[in-house]
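In what follows, chains are A, B, ... by sequence order, proteins preceding strands, each numbered from 1.
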Amino acid sequence: AQSVTQLGSHVSVSEGALVLLRCNYSSSVPPYLFWYVQYPNQGLQLLLKYTTGATLVKGINGFEAEFKKSETSFHLTKPSAHMSDAAEYFCAVSDMNNNDMRFGAGTRLTVKP
Amino acid sequence: ETGVTQSPTHLIKTRGQQVTLRCSSQSGHNTVSWYQQALGQGPQFIFQYYREEENGRGNFPPRFSGLQFPNYSSELNVNALELDDSALYLCASRDSAMNTEAFFGQGTRLTVV
């Protein structure tokens with residue numbers, strides 16, 4: 001069975017500061033890893049995904065994440081936070097057939113002016 | 001191409017009633033998954049349908065059931081509603097043949113009173 005743990009239910013940063021959202025995964029098979037963003041009363045939007053190949057993955061809105069197998073981590077970063085980045089972020093894992101996607105509990109990002 | 005659409009967007013039901021939620025998958029997507037997202041939590045996998053058959057299920061009781069139609073649209077049915085069934089229900093579709101990631105609808109907000 002696969003699972004993810006997101007460290008920190010709430011993260012607050014100042015506008016222009018580094019954003020770091022942490023995600024660790026557990027999987028008995030090579031994982032596919034995802035980061036989704038959710039704005040209030042909306043569905044999930046894919047930010048980026050890791051399947052195979054390059055371990056540093058770039059996504060939309062300036063976000064990127066690095067797959068570190070030795071640390072079973074897939075942390076999300078953005079060099080400079082913008083007010084519009086305030087939202088709920090979810091890390092997710094699935095098998096290599098994209099089946100049975102499991103989500104973390106989410107991290108709420110607040111961006112202070 | 002159209003995205004994933006869900007209906008209705010909101011509804012209120014009484015405990016013990018039955019409810020049907022609907023999902024139209026993105027054009028060309030043959031696999032549909034349903035998730036329950038309780039307030040302040042991450043989405044929980046309910047089940048997945050491929051070619052009109054359930055081919056994966058999370059830890060949900062049998063009163064949660066579904067259907068997939070030949071046009072790949074889907075329904076989620078919940079019988080004997082309980083107060084804890086109040087949540088945002090998300091539908092996601094993908095193309096299994098191309099092994100694409102899941103694309104999510106905006107969700108249906110169900111309130112059980």
| message | Whether the B:Asn77 and B:Thr20 side chains hold a donor-acceptor pair (N or O, under 3.5 Å, no angle test) is what I'd like checked. | response | yes
| message | Quick check on A:Gln45 against chain B: is it the side chain, the backbone, both or neither that has a heavy atom closer than 4.5 Å? | response | neither
| Under a 4.5 Å heavy-atom cut-off, does chain B meet the side chain of A:Leu44, its backbone, both or neither? | both
| said: Measuring centre to centre across the rings, with the benzene-like ring taken for any Trp, is B:His29 within less than 6.0 Å of B:Tyr72? | reply: no
| Is it true that A:Tyr36 and A:Phe90 have ring centroids separated by less than 6.0 Å? | no
| task | State whether A:Phe63 and A:Lys78 meet the cation-pi test: NZ (Lys) or CZ (Arg) under 6.0 Å from the six-membered ring centroid, and within 45° of the perpendicular axis. | result | yes
| task | Kindly indicate, with the supporting measurements, whether the criterion salt bridge (Lys or Arg N to Asp or Glu O under 4.0 Å) is fulfilled by B:Arg15 and B:Asp84. | result | CA-CA 10 Å; B:Arg15 189 172 50 182; B:Asp84 285 349; over 6 Å; no
Which portion of [X] sits near chain A, non-hydrogen atoms under 4.5 angstrom:
{"X": "B:Tyr35", "result": "side chain"}
{"X": "B:Gln37", "result": "side chain"}
{"X": "B:Gln106", "result": "both"}

| Members besides A:Leu18 in its Ile/Leu/Val/Met/Phe/Trp/Tyr cluster (side-chain heavy atoms under 4.5 Å) | none
| remark: Taking a cut-off of under 4.5 angstrom between non-hydrogen atoms, the residues of residues 103-113 of chain A near chain B are A:Phe103, A:Gly104, A:Ala105
| message | Checking A:Asn24 against A:Val4 for the side chain to side chain contact (heavy atoms under 4.5 Å, CB included) test, could you report, in this order, the C-alpha distance in whole Å, the side-chain angles of both residues, the deciding distance, and whether it holds? | response | CA-CA 6 Å; A:Asn24 287 91; A:Val4 292; over 6 Å; no
| How long is the gap from OH on B:Tyr49 to CZ on B:Phe47, to the nearest 0.5 Å? | 5.0 Å
| said: Is it true that, when you exclude B:Arg51 itself, more than 12 heavy atoms of the residues, nucleotides or ligands shown sit nearer than 6.0 Å to its CZ? | reply: no
| field | Heavy-atom pair count under 4.5 Å with chain B, highest-scoring of A:Gly43, A:Ser9, A:Ala92 | value | A:Gly43
